[in-house]
Amino acid sequence: MSGVPMGQIQLGQYGPASHVIAHISDTHFLSAGKPLYGTVDTDTPVHKALAQLERSGQPIDGLVFTGDIADTGEADAYRRIRDLVESAADRLGARVIWVMGNHDKRAPFRSELLGETGYGASAAEPVDAVHDLDGLRLIVLDTSVPGYHHGVLTAGQLKWLAEVLSEPAPHGTLLALHHPPIPTMVPLMSLLELRDQAGLAEVVAGSDIRGILGGHLHYATTGMFAGVPVSVAAATCYTIDPSAPARELTGVRGGQSINLVQVYPESIVHSHVVLGDFDPATRFDSTFLARIEAMSPDERTEAFSRQA
(Lines give C-alpha, C1' and ligand atoms only; values in the text may rest on other atoms or scores of the structure.)
Protein backbone atom coordinates (compact mmCIF):
# COMPACT_ATOMS: atom_id res chain seq x y z
CA MET A 1 0.00 0.00 0.00
CA SER A 2 3.10 2.21 -0.02
CA GLY A 3 3.50 5.21 -2.28
CA VAL A 4 2.38 8.80 -2.67
CA PRO A 5 -1.25 9.59 -1.87
CA MET A 6 -3.74 8.93 -4.66
CA GLY A 7 -3.52 11.50 -7.45
CA GLN A 8 -0.30 13.13 -6.24
CA ILE A 9 2.39 13.73 -8.87
CA GLN A 10 6.11 13.35 -8.19
CA LEU A 11 7.55 16.86 -8.06
CA GLY A 12 11.18 16.19 -7.10
CA GLN A 13 13.93 13.74 -7.95
CA TYR A 14 12.83 11.07 -5.46
CA GLY A 15 9.96 8.73 -6.15
CA PRO A 16 7.58 7.43 -3.50
CA ALA A 17 8.89 5.51 -0.51
CA SER A 18 8.59 1.75 -0.80
CA HIS A 19 7.43 1.56 2.83
CA VAL A 20 6.26 3.98 5.52
CA ILE A 21 6.42 3.08 9.21
CA ALA A 22 4.94 5.03 12.11
CA HIS A 23 7.37 4.71 15.02
CA ILE A 24 5.71 5.29 18.41
CA SER A 25 7.21 4.71 21.84
CA ASP A 26 6.75 4.74 25.59
CA THR A 27 3.00 5.00 25.92
CA HIS A 28 3.05 3.83 29.58
CA PHE A 29 -0.67 3.00 29.78
CA LEU A 30 -2.27 2.16 33.13
CA SER A 31 -5.44 0.19 33.83
CA ALA A 32 -8.78 1.99 33.73
CA GLY A 33 -7.17 5.07 32.20
CA LYS A 34 -5.52 6.12 35.46
CA PRO A 35 -3.09 9.05 35.10
CA LEU A 36 0.60 8.24 35.32
CA TYR A 37 2.13 9.58 38.57
CA GLY A 38 -1.37 10.81 39.34
CA THR A 39 -1.11 13.73 36.91
CA VAL A 40 -0.01 12.55 33.43
CA ASP A 41 -2.71 11.73 30.87
CA THR A 42 -1.20 8.88 28.85
CA ASP A 43 -4.24 8.14 26.70
CA THR A 44 -4.90 11.44 24.93
CA PRO A 45 -1.48 11.69 23.21
CA VAL A 46 -1.89 8.23 21.70
CA HIS A 47 -5.38 9.12 20.45
CA LYS A 48 -3.86 12.30 19.00
CA ALA A 49 -0.98 10.46 17.34
CA LEU A 50 -3.30 8.02 15.61
CA ALA A 51 -5.67 10.82 14.57
CA GLN A 52 -2.80 12.81 13.07
CA LEU A 53 -1.62 9.77 11.11
CA GLU A 54 -5.12 9.29 9.70
CA ARG A 55 -5.46 13.00 8.94
CA SER A 56 -2.20 13.03 6.99
CA GLY A 57 -3.40 10.58 4.36
CA GLN A 58 0.10 9.12 4.42
CA PRO A 59 0.07 5.43 3.47
CA ILE A 60 1.25 3.56 6.57
CA ASP A 61 2.54 -0.01 6.32
CA GLY A 62 3.25 -0.56 9.99
CA LEU A 63 2.69 0.90 13.45
CA VAL A 64 5.78 0.00 15.49
CA PHE A 65 5.65 0.57 19.26
CA THR A 66 9.15 0.36 20.72
CA GLY A 67 8.37 -0.63 24.27
CA ASP A 68 7.04 0.48 27.64
CA ILE A 69 3.55 -0.08 26.30
CA ALA A 70 2.13 -0.45 29.83
CA ASP A 71 3.70 1.25 32.83
CA THR A 72 3.29 -1.64 35.28
CA GLY A 73 2.36 -4.51 32.95
CA GLU A 74 -1.34 -4.58 33.85
CA ALA A 75 -3.48 -6.76 31.60
CA ASP A 76 -6.20 -4.11 31.35
CA ALA A 77 -3.69 -1.50 30.23
CA TYR A 78 -2.56 -3.79 27.40
CA ARG A 79 -6.13 -4.53 26.38
CA ARG A 80 -7.04 -0.83 26.28
CA ILE A 81 -4.15 0.20 24.07
CA ARG A 82 -4.50 -2.90 21.89
CA ASP A 83 -8.14 -2.12 21.13
CA LEU A 84 -7.36 1.54 20.41
CA VAL A 85 -4.39 0.83 18.15
CA GLU A 86 -5.85 -2.13 16.29
CA SER A 87 -8.96 -0.11 15.44
CA ALA A 88 -6.83 2.67 13.95
CA ALA A 89 -4.59 0.15 12.19
CA ASP A 90 -7.63 -1.37 10.48
CA ARG A 91 -8.58 2.05 9.13
CA LEU A 92 -5.00 2.75 8.03
CA GLY A 93 -4.47 -0.70 6.54
CA ALA A 94 -1.34 -1.05 8.70
CA ARG A 95 0.28 -3.91 10.61
CA VAL A 96 0.82 -3.46 14.36
CA ILE A 97 4.18 -4.48 15.81
CA TRP A 98 4.77 -4.47 19.57
CA VAL A 99 8.20 -4.38 21.23
CA MET A 100 8.92 -5.19 24.89
CA GLY A 101 10.25 -2.43 27.16
CA ASN A 102 11.64 -2.43 30.68
CA HIS A 103 8.24 -1.52 32.17
CA ASP A 104 6.46 -4.32 30.30
CA LYS A 105 5.78 -7.78 31.71
CA ARG A 106 6.32 -10.72 29.37
CA ALA A 107 3.35 -12.92 30.31
CA PRO A 108 0.55 -10.32 29.94
CA PHE A 109 2.40 -8.79 26.97
CA ARG A 110 2.25 -12.15 25.21
CA SER A 111 -1.36 -12.91 26.13
CA GLU A 112 -2.97 -9.48 25.74
CA LEU A 113 -0.99 -7.93 22.86
CA LEU A 114 0.20 -10.95 20.90
CA GLY A 115 -2.74 -13.24 21.63
CA GLU A 116 -0.43 -16.09 22.64
CA THR A 117 -1.85 -18.80 24.91
CA GLY A 118 -0.49 -22.03 26.30
CA TYR A 119 3.12 -20.84 26.23
CA GLY A 120 3.94 -22.30 29.66
CA ALA A 121 7.60 -21.89 30.62
CA SER A 122 8.30 -19.87 27.47
CA ALA A 123 6.41 -16.95 29.00
CA ALA A 124 9.67 -15.96 30.70
CA GLU A 125 11.69 -16.06 27.47
CA PRO A 126 12.53 -12.85 25.56
CA VAL A 127 9.81 -11.76 23.14
CA ASP A 128 11.75 -11.68 19.86
CA ALA A 129 10.07 -11.79 16.44
CA VAL A 130 10.48 -11.33 12.70
CA HIS A 131 7.90 -9.48 10.59
CA ASP A 132 7.76 -9.25 6.80
CA LEU A 133 6.25 -6.01 5.51
CA ASP A 134 6.13 -6.69 1.77
CA GLY A 135 9.84 -7.40 1.55
CA LEU A 136 10.96 -5.06 4.32
CA ARG A 137 12.05 -7.21 7.25
CA LEU A 138 11.45 -5.85 10.73
CA ILE A 139 13.18 -7.72 13.53
CA VAL A 140 11.99 -7.22 17.11
CA LEU A 141 14.50 -7.76 19.93
CA ASP A 142 13.46 -7.89 23.58
CA THR A 143 16.16 -6.06 25.56
CA SER A 144 14.24 -6.09 28.86
CA VAL A 145 15.63 -7.60 32.06
CA PRO A 146 12.82 -8.74 34.41
CA GLY A 147 12.95 -6.73 37.61
CA TYR A 148 15.34 -4.08 36.26
CA HIS A 149 15.25 -1.02 34.01
CA HIS A 150 18.55 -1.44 32.11
CA GLY A 151 18.77 -3.51 28.94
CA VAL A 152 20.61 -6.74 28.02
CA LEU A 153 20.79 -9.10 25.04
CA THR A 154 21.65 -12.73 25.77
CA ALA A 155 24.13 -14.82 23.81
CA GLY A 156 21.18 -16.88 22.59
CA GLN A 157 19.42 -13.80 21.26
CA LEU A 158 22.54 -12.64 19.41
CA LYS A 159 22.98 -16.09 17.87
CA TRP A 160 19.34 -16.09 16.78
CA LEU A 161 19.70 -12.61 15.30
CA ALA A 162 22.80 -13.63 13.32
CA GLU A 163 20.93 -16.64 11.92
CA VAL A 164 17.99 -14.47 10.82
CA LEU A 165 20.32 -11.95 9.19
CA SER A 166 22.27 -14.63 7.30
CA GLU A 167 19.67 -14.33 4.52
CA PRO A 168 19.17 -10.71 3.29
CA ALA A 169 15.65 -9.36 2.84
CA PRO A 170 14.49 -7.85 -0.49
CA HIS A 171 14.21 -4.32 0.95
CA GLY A 172 16.64 -4.78 3.81
CA THR A 173 15.99 -4.91 7.53
CA LEU A 174 14.92 -2.59 10.32
CA LEU A 175 15.79 -3.59 13.88
CA ALA A 176 13.35 -2.48 16.60
CA LEU A 177 14.31 -2.62 20.28
CA HIS A 178 13.56 -0.58 23.39
CA HIS A 179 17.02 0.34 24.70
CA PRO A 180 18.82 2.20 21.88
CA PRO A 181 22.52 1.36 21.43
CA ILE A 182 23.78 4.96 21.43
CA PRO A 183 25.05 7.36 24.11
CA THR A 184 22.63 9.58 26.01
CA MET A 185 23.28 13.13 27.11
CA VAL A 186 21.29 12.53 30.31
CA PRO A 187 23.80 11.00 32.80
CA LEU A 188 21.31 9.07 34.93
CA MET A 189 19.86 7.41 31.84
CA SER A 190 23.31 5.96 31.13
CA LEU A 191 22.76 3.64 34.09
CA LEU A 192 19.73 2.24 32.28
CA GLU A 193 21.35 1.78 28.87
CA LEU A 194 21.67 -1.39 26.81
CA ARG A 195 24.71 -3.12 28.31
CA ASP A 196 27.46 -5.10 26.55
CA GLN A 197 26.76 -3.53 23.17
CA ALA A 198 29.90 -4.93 21.53
CA GLY A 199 28.23 -8.28 20.90
CA LEU A 200 25.31 -6.64 19.13
CA ALA A 201 27.71 -4.52 17.07
CA GLU A 202 29.46 -7.66 15.79
CA VAL A 203 26.15 -9.04 14.51
CA VAL A 204 24.85 -5.76 13.06
CA ALA A 205 28.03 -4.73 11.21
CA GLY A 206 27.97 -5.85 7.58
CA SER A 207 24.38 -7.11 7.75
CA ASP A 208 21.43 -5.80 5.74
CA ILE A 209 20.15 -3.80 8.74
CA ARG A 210 19.44 -0.31 7.39
CA GLY A 211 18.10 1.33 10.52
CA ILE A 212 17.61 0.74 14.24
CA LEU A 213 14.45 2.01 15.96
CA GLY A 214 14.47 2.59 19.72
CA GLY A 215 12.69 4.30 22.58
CA HIS A 216 13.37 4.37 26.35
CA LEU A 217 15.04 7.81 26.51
CA HIS A 218 11.79 9.82 26.40
CA TYR A 219 13.34 12.37 24.04
CA ALA A 220 13.93 12.18 20.29
CA THR A 221 17.52 11.65 19.21
CA THR A 222 19.62 10.01 16.51
CA GLY A 223 23.05 8.42 16.26
CA MET A 224 25.12 5.71 14.58
CA PHE A 225 25.83 2.18 15.76
CA ALA A 226 28.09 -0.27 13.93
CA GLY A 227 27.68 1.85 10.81
CA VAL A 228 23.87 1.84 11.02
CA PRO A 229 21.67 4.90 11.75
CA VAL A 230 19.74 4.79 15.03
CA SER A 231 16.51 6.75 15.49
CA VAL A 232 14.88 7.14 18.91
CA ALA A 233 11.24 8.20 19.14
CA ALA A 234 10.28 10.41 22.08
CA ALA A 235 7.62 9.18 24.47
CA THR A 236 3.94 9.92 23.98
CA CYS A 237 3.28 9.99 27.76
CA TYR A 238 5.80 12.59 28.97
CA THR A 239 9.24 13.64 27.77
CA ILE A 240 12.62 14.11 29.39
CA ASP A 241 14.08 17.59 28.96
CA PRO A 242 17.68 17.32 27.64
CA SER A 243 18.15 21.05 28.43
CA ALA A 244 17.29 20.65 32.12
CA PRO A 245 19.79 22.07 34.62
CA ALA A 246 23.04 20.16 34.88
CA ARG A 247 22.93 16.97 36.97
CA GLU A 248 19.13 16.82 36.89
CA LEU A 249 16.72 14.42 35.19
CA THR A 250 13.44 16.23 34.56
CA GLY A 251 10.32 14.79 32.96
CA VAL A 252 7.86 17.31 31.52
CA ARG A 253 4.25 17.21 30.36
CA GLY A 254 4.93 18.45 26.83
CA GLY A 255 6.94 17.87 23.69
CA GLN A 256 5.35 14.49 22.94
CA SER A 257 5.97 13.23 19.41
CA ILE A 258 6.24 10.23 17.11
CA ASN A 259 8.43 9.49 14.10
CA LEU A 260 7.60 8.63 10.51
CA VAL A 261 10.07 6.29 8.80
CA GLN A 262 10.15 6.41 5.00
CA VAL A 263 12.09 3.66 3.26
CA TYR A 264 13.62 4.36 -0.16
CA PRO A 265 15.87 2.11 -2.27
CA GLU A 266 19.03 3.99 -1.26
CA SER A 267 17.93 5.90 1.83
CA ILE A 268 15.78 5.87 4.94
CA VAL A 269 14.31 9.13 6.24
CA HIS A 270 13.14 9.61 9.84
CA SER A 271 10.75 12.54 10.33
CA HIS A 272 9.81 13.96 13.73
CA VAL A 273 6.05 14.58 14.14
CA VAL A 274 5.05 16.75 17.12
CA LEU A 275 1.68 15.89 18.66
CA GLY A 276 -0.86 18.69 19.00
CA ASP A 277 -2.79 21.37 17.12
CA PHE A 278 -0.99 24.63 16.45
CA ASP A 279 -1.97 27.89 14.77
CA PRO A 280 -0.69 28.00 11.16
CA ALA A 281 1.99 30.53 10.30
CA THR A 282 1.64 29.91 6.56
CA ARG A 283 -0.31 27.46 4.46
CA PHE A 284 -0.49 26.17 0.89
CA ASP A 285 -3.63 24.09 0.45
CA SER A 286 -4.48 21.21 -1.85
CA THR A 287 -5.89 23.58 -4.47
CA PHE A 288 -2.50 25.31 -4.72
CA LEU A 289 -0.75 21.92 -4.96
CA ALA A 290 -3.08 20.87 -7.78
CA ARG A 291 -2.17 24.00 -9.73
CA ILE A 292 1.53 23.26 -9.27
CA GLU A 293 1.06 19.66 -10.40
CA ALA A 294 -0.63 20.85 -13.59
CA MET A 295 2.46 22.88 -14.59
CA SER A 296 5.58 21.81 -16.44
CA PRO A 297 8.81 21.37 -14.40
CA ASP A 298 10.10 24.78 -15.54
CA GLU A 299 6.80 26.46 -14.71
CA ARG A 300 6.87 24.89 -11.24
CA THR A 301 10.34 26.29 -10.63
CA GLU A 302 9.24 29.79 -11.62
CA ALA A 303 5.99 29.59 -9.64
CA PHE A 304 7.35 28.19 -6.38
CA SER A 305 11.16 28.30 -6.28
CA ARG A 306 11.87 31.79 -7.64
CA GLN A 307 12.23 34.37 -4.89
CA ALA A 308 9.82 37.29 -5.06
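Numbering of residues begins at 1 and proceeds along the displayed sequence.
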Between L30 and T42, is there a side-chain heavy-atom distance shorter than 4.5 Å?
no
Under the 3.5 angstrom rule, does the side chain of D68 hit a backbone N or O of H103 as a donor-acceptor pair?
yes
For I24, run the side chain to side chain contact (heavy atoms under 4.5 Å, CB included) check against V85, I69, T236 and tell me which one passes.
T236
Check the hydrophobic clustering (I, L, V, M, F, W, Y; side-chain heavy atoms under 4.5 Å; chains of links allowed) and say if V230 and L260 are grouped together.
no
Please report the shortest heavy-atom distance between I292 and A303, naming the atom on each side.
CD1-CB, 4.1 Å
Going by atom types alone, do R291 and T287 pair a side-chain donor with an acceptor below 3.5 Å?
no
Can you name the nearest heavy-atom pair linking P180 to Q197, along with the distance?
O-NE2, 4.4 Å
Determine whether L133 and L174 make a side-chain contact, defined as any pair of heavy atoms from C-beta on separated by less than 4.5 Å.
no
Between H179 and H216, how do the two ring planes meet: parallel, tilted or perpendicular, split at 30° and 60°?
tilted
Name all pairs fulfilling the ring pair (Phe, Tyr, Trp, His ring centres under 6.0 Å) condition that reach into residues 235-259, sequence neighbours left out, sorted by first residue then second.
Y37-Y238, H218-Y238
So do the side chains of P108 and E74 get within less than 4.5 Å of each other, counting heavy atoms only?
no
If you measure from CE on M100 to CG on L141, what distance do you get to the nearest 0.5 Å?
12.5 Å
Got a second to check how far L175's CG is from I209's CD1, nearest 0.5 Å?
4.5 Å
S87 side chain to L84 main-chain N or O, any donor-acceptor pair under 3.5 Å?
no
Give a yes or no answer on whether the side chain of Q256 reaches the backbone of G276 with a donor-acceptor pair at less than 3.5 Å.
no
So do the side chains of D26 and H178 get within less than 4.5 Å of each other, counting heavy atoms only?
yes
Would you please classify the geometry between the F304 ring and the F288 ring as parallel, tilted or perpendicular, with 30° and 60° separating the classes?
tilted
Would you call I258 and L53 a side-chain contact if the rule is heavy atoms closer than 4.5 Å?
yes
Count the heavy atoms of every other residue, nucleotide or ligand shown that sit under 6.0 Å from CG of D132, and state whether that count exceeds 12.
yes
I'd like to know if the side chain of S231 and the backbone of L213 have a donor-acceptor N/O pair within less than 3.5 Å.
no
I'd like to know if the side chain of T239 reaches the main chain of A235, judged simply by a donor and an acceptor atom lying under 3.5 Å from each other, with no hydrogens or angles considered.
no
More than 12 heavy atoms of other residues, nucleotides or ligands under 6.0 Å from CD of E248: is that the case?
yes
Can you confirm whether more than 12 heavy atoms, excluding those of M185, are under 6.0 Å from its CE atom?
no
Looking only at heavy atoms, the pair that brings V20 and Q262 closest together is CG2-CG, 4.2 Å
Ignoring hydrogens and geometry beyond distance, is a side-chain donor-acceptor pair present between D142 and S144 at under 3.5 Å?
yes
Looking only at the side chains, is there a donor atom on one of T184 and Y219 sitting less than 3.5 Å from an acceptor on the other?
yes
Ignoring hydrogens, what is the shortest heavy-atom contact between A244 and T250? Give both atom names and the distance.
CB-OG1, 3.7 Å
